[in-house]
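The structure under discussion appears below in the form of structure tokens.
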Amino acid sequence: MHFMLLFSRQGKLRLQKWFIAVGEREKKKIIREMTQSVLARQPKTCNFMDWKDLKIVYKRYASLYICCGMEDQDNELLTIEIMHRYVELLDAYFGNVCELDIIFNFEKAYFILDEFLMGGEVQETSKLSVSKCIEESDLMQEVSPGMKDTLLKVISFWQ
Amino acid sequence: MALKMVKGSIDRMFDKNLQDLVRGIRNHKEDEAKFISACIDEIKHELKQDNIAVKANAVCKLTYLQMLGYDVSWAAFNIIEVMSSSKFTFKRIGYLAASQCFHEGTDVIMLTTNQIRKDLSSPNQYDTGVALTGLSCFVTPDLARDLANDIMTLMSHTKPYIRKKAVLIMYKVFLKYPESLRPAFPRLKEKLEDPDPGVQSAAVNVICELARRNPKNYLSLAPLFFKLMTSSTNNWVLIKIIKLFGALTPLEPRLGKKLIEPLTNLIHSTSAMSLLYECVNTVIAVLISLSSGMPNHSASIQLCVQKLRILIEDSDQNLKYLGLLAMSKILKTHPKSVQSHKDLILQCLDDKDESIRLRALDLLYGMVSKKNLMEIVKKLMIHVDKAEGTTYRDELLTKIIDICSQSNYQYITNFEWYISILVELTRLEGTRHGHLIASQMLDVAIRVKAIRSFAVSQMAMLLDNAHLLTGNTQRNGICEVLYAAAWICGEFSEHLEEPMQTLEAMLRPKVTTLPGHIQAVYVQNAVKLFATVLARQEGAGDRQAAQETTELLIEKLPQFVQSSDLEASCILQLIKYIQKLQAKEVSVSEEVSALFAGELNPVAPKAQKKVPIPDGLDLDSWINKPLREIESEDEKPRAVFQVEEPQHSRPRVPEIDEKELAKRREVRKQEQASNPFYIKSSPSPQKETANVDHIPVVQIDLTVPLKVPGMPMSEQYVKLEEDRRQKQKQDKKKDKKKKKEKEKKRGKGRRLDSAHTESEEDIAPAQSVDIMTEEMPENALPSDEDDKDPNDPYRALDIDLDKPMVDSDKLPVQTHRPTEGLKSPDPVAGVEEQDEKKSSKKIKKDKERKDKERKKSKEEKKKKKHRKSTPGEEEEGQVEKPAPAAAESKITALPTAPPTEDFDLDFWLSSAPVPSQSQPELVDPAPSSEPEEPKDEEEREESKSSKHKKQQHRKEKEEKSKKKKKKKHQDEGKAKSVQNGTLEEEEEPLPPMTNYSLLAENSDIKMVSTGQQGARMV
């Protein structure tokens, strides 16, 4: 897999992950073309497109589109599974995920993706394991004296 | 005052965390840019503070802005600062920012090496994990080289979480630093049998990716993967393994034979569509590799085609699309089995999804036969009329032409029909493919001699109605066909019934609005026509008419003089000279005709390149000293369909005499030499008039109203053709009734639908078609140039992995850094690592011992074999040759190395029931390796038998389970949609797990992996 993009129906990018080295300008170009061509697709058409030497697989989840660029030999259905699994993971983490969750907690969305995929390959096929890893690292984040604690201290000092 | 300042800064810290930024952006939709630039200023301020929490917050915001498309590369150093924080909270944000913002061009990236190394060896697995994840995104060749050894050590980490990530990141490291592949590969291979399924799947993923690029180096792993395939129950992993086999089989047909059975079993048993699709794809690859002389695999083909048919018939557009896609792969090797599903594919042409229609079009290419070509094209023509978008219509047009012209017009029985199809296609508005139609017209007219007369009449009609085609010359590509029309009419003008009329049509004033290169062809061919007209008129003794014709030409030609092409003015002079001669009552027609004597033959596309340059010819040196001003003369090579740069008119030639004419002929020849459609005039001025007599043109003229422009005529041919075939059949039946019966008997055995296709070979073309082959220079072969991309990043990974390690195959280790944090006491790569393993697990120890034993025994055997020196194994010759230190750079493809693996493979493959190819000396296994092999065999047997049982079970309950599944599915869907009821505001709920899904969701399939995973979870 070369990249994964999440964008809204209005064409606003919500998340981008690149698994191969691409220059900034090229990235922007690809993103623009992807959003345009995916959004232009009629409903009830198949979820695959040929684009240059890549195959584009996209899927719509409510107002959000997920779009992956993969190589010619990759399995299209597997890519759909991957996207779906990611949405399931988000769903499990946020509890009924919605676009706003991803917007406001975009770093969490990235963390989940990082636990699930790595270098464009599936890293963990078990939903449970991924969720567990995320939970544990989140826990660490909470326990460690984060910014909140620092601020609380400052506040108490101030008062 | 001071307090106020402090308060202010704290307020700011409260004000703008990520949520506030996002909210702010959403609230400032009108002046977003302004708001964001204010935010960036703020962030810059925050980054200057010492508080790491503030910095991390700023970096987090920057990451968000980066995603929105803003440049944040200026903050790279701050990101590194945050990365190096000791607190996981900040480190996580830092690495995330780095993975999003860093790339190979980021100059500060080299500062991260030590930080990453420290994190990799952190006692906290999540520190390591976050560093690995980040690194996978921004690894550079330098980082890969410096950290390869650390990552390799992590591959044997005690925690599977780290092992898994380390294995996956190795692929990125290999890509950036190919030298690491050989030293790291043994350990990577070990991971294929890791107790943790996640690590195992990661290793499968990496090796699958590697093997896809350079399959031949991974053939030796086939037995191991086969074992994994038959034992694994995780569909995600299975798909990868099966894909890997798909890459390997083209190299080793024996492997394919071994695969067929388990794969067909999987196809039968699996309910996951993605796995099914992958299996079908690999079976197709196997069948392609076996395609030469293996008739008894028709069952597997049948199975594939059958399954694909189910996919295509599915209401899910995705499955339909993929079914068609896979079908087209079968088509190449087994067209017959696909052709029986013609109905289905034609049906897909009516699908409302354009992608599906395009895939169906691809398939049509292989569906046509002599019998159904007209029918299919007729259907396509209807689609052309209906098609709304120009892109799809253009695609249809090219497909029609592709289908008709494939393998040298093999399926066209009636070229008159084809010409009329082409003429019909010219009525398409706004197509880009005018030149394609034009080149087809030219090609057919030149190569099918019998059709010329008909073609000329059609082209004359086109020229007559040129105004229909040239509504808007600027963007209308279709006017290119006039190029072909003019050329055909000129070149084959002897077939024209009324050349005078055509000549007049070609000299209309409107012609000057056409593009330059078409005008040029007009002028050139007007003269050819002129020659014909003259010859006819003089032949009839009508000198008056001949002079009138000349006058017409003189009158009309000057309009072209203004054009960018030189042809016109030269020819004008020529005509003037002819007029003079005519005034003297000299018969000129022969002379003029002689200008265009000679047959023009088609030339192979690459012929020009293959013409050897004669000795002593230096094309770069001047023949004469250049004059003061070099005029670019008309010898300049001219591409067929290219608009030429305007050239200044050539100075008038004062006089034309016989010499000049000869010279001009020479110039013409040279110009034609650069034109792929012209080249080479062999001295055979007689055109085949004999051939023309055979053509039933007259007969057809009666039934087809040729002179009605704008009316589609190709349909009539379909009926005509049917009648003709009917007649032919009847004739034949009379003659060969007995013979046919015999054939039928034989045919029945071969295929059931023989009666259906039986007439296929009997259809004789309507015209005596003599398709000329393309000319090539002597001894030249139409081979393709090797066009491999030298910059392919995967080329560097083409490394023979079976070679023994040499000293240079060590990963660089930085010694000046204390390695106290490293998990393994011995960071040096290679054999020593195995010692460290021993301490880790008893089982492994045992295994290793076994391995060693096996190796030993094999080496012994090798030696034995070496003595025998069997001819079948060339590798054996170079066995223990110590690989030279320079071998690394050589990276050869041949398995020069210890044949242990090769041998393994051969043995493994030959143990398959394929007596024809197995090598006898390999059949008896080495005694000490026996305990290994039979066990495998048993395992396989077991799995097979269990599968058989399963299958039976399934057959019994097939219907039931199907229903159940459906039900379950619906239930699942319902449950999901209930669960996700509030998902995404008021929009539609999250769709249920895709209906091809069931990856690891199927209880049947999962069993083992859940058990293992469950165990892991505890």
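Here is how names work: the chains are called A, B, and so on, in the same order as the sequence lines, proteins then strands, and each is numbered from 1.
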Is the shortest heavy-atom distance from the side chain of Glu136(A) to the side chain of Tyr161(B) under 4.5 Å?
no
Please identify, among Lys320(B), Lys243(B), Lys352(B), the residue contributing the most non-hydrogen atom pairs under 4.5 Å to chain A.
Lys243(B)
Considering only heavy atoms from C-beta outward, does the side chain of Glu121(A) approach that of Lys240(B) to under 4.5 Å?
yes
Between Gln66(B) and Gln16(A), is any pair of side-chain heavy atoms under 4.5 Å apart?
yes
Taking the side chain as C-beta and beyond, is there a heavy-atom pair between Glu24(A) and Ser73(B) under 4.5 Å?
no
Sub-4.5 Å side-chain heavy-atom contact between Asp50(A) and Arg359(B):
yes
Applying a strict 4.5 Å limit to non-hydrogen atoms, the region of Leu117(A) in contact with chain B is neither
Quick check on Ile169(B) against chain A: is it the side chain, the backbone, both or neither that has a heavy atom closer than 4.5 Å?
both
Roughly how far, to the nearest 0.5 Å, is the OH atom of Tyr64(B) from the CD1 atom of Ile103(A)?
6.0 Å
Considering all heavy atoms, the nearest Gly119(A)-Ser136(B) contact:
N-OG, 4.1 Å
Show the numbers, then the answer: is there a side-chain contact (heavy atoms from CB on, under 4.5 Å) between Glu115(A) and Lys165(B)?
CA-CA 9 Å; Glu115(A) 288 299 327; Lys165(B) 280 181 187 276; 3.7 Å; yes
Could you grab the distance from atom CZ of Arg23(B) to atom CZ of Phe104(A), nearest 0.5 Å is fine?
5.0 Å
Is there a side-chain contact (heavy atoms from CB on, under 4.5 Å) between Leu319(B) and Leu77(A)? Walk through the geometry before answering.
CA-CA 9 Å; Leu319(B) 297 184; Leu77(A) 295 178; 4.1 Å; yes
Quick one: of Arg41(A), Lys28(A), Gln123(A), who has the most non-hydrogen atom pairs under 4.5 Å with chain B?
Gln123(A)
Start with the C-alpha distance between Arg212(B) and Asp74(A), add both sets of side-chain angles, then the distance that settles salt bridge (Lys or Arg N to Asp or Glu O under 4.0 Å), and finish with yes or no.
CA-CA 10 Å; Arg212(B) 246 164 60 176; Asp74(A) 286 335; 2.8 Å; yes
Give the member of Val167(B), Asn124(B), Ile93(B), Ile52(B) that has the highest number of heavy-atom pairs under 4.5 Å with chain A.
Asn124(B)
Residue part contacting chain B, namely of Asp101(A), when any heavy atom lies under 4.5 Å
neither
Side chain of Asn205(B), backbone of Val122(A): donor and acceptor closer than 3.5 Å?
yes
Which heavy atom in Ser274(B) sits nearest to a heavy atom in Glu81(A), and how many Å separate them?
OG-OE2, 3.8 Å
In Å, rounded to the nearest 0.5 Å, how long is the span from OH of Tyr321(B) to OG1 of Thr45(A)?
11.5 Å
Inter-residue atom distance Glu354(B).CD - Met49(A).CE, 0.5 Å rounding
12.0 Å
Greatest number of heavy atom pairs closer than 4.5 Å to chain A - which of Gln125(B), His103(B), Glu209(B)
Glu209(B)
So CD of Glu124(A) and CG of Leu168(B): to nearest 0.5 Å the spacing works out to 10.0 Å
Student check: side-chain heavy atoms of Thr133(B) and Phe111(A) closer than 4.5 Å:
no
Does Tyr277(B) offer a backbone N or O that forms a donor-acceptor pair with the side chain of Asn75(A) under 3.5 Å?
no
Passes side-chain contact (heavy atoms from CB on, under 4.5 Å), Arg92(B) versus Tyr110(A)? Steps please.
CA-CA 11 Å; Arg92(B) 204 181 187 191; Tyr110(A) 274 120; over 6 Å; no
Do Glu107(A) and Gln100(B) come close enough that some side-chain heavy atom pair is under 4.5 Å?
no
Heavy-atom closest pair (Met118(A) atom, Leu132(B) atom, distance to 0.1 Å) is CE-O, 3.6 Å
Return the option, out of Gln42(A), Arg14(A), Lys27(A), Lys12(A), with the maximum number of heavy-atom pairs under 4.5 Å with chain B.
Arg14(A)
Quick check for you: to the nearest 0.5 Å, what is the distance between Leu325(B) atom CG and Lys55(A) atom NZ?
5.5 Å
Do the side chains of Tyr126(B) and Cys133(A) get nearer than 4.5 Å, heavy atoms only?
yes
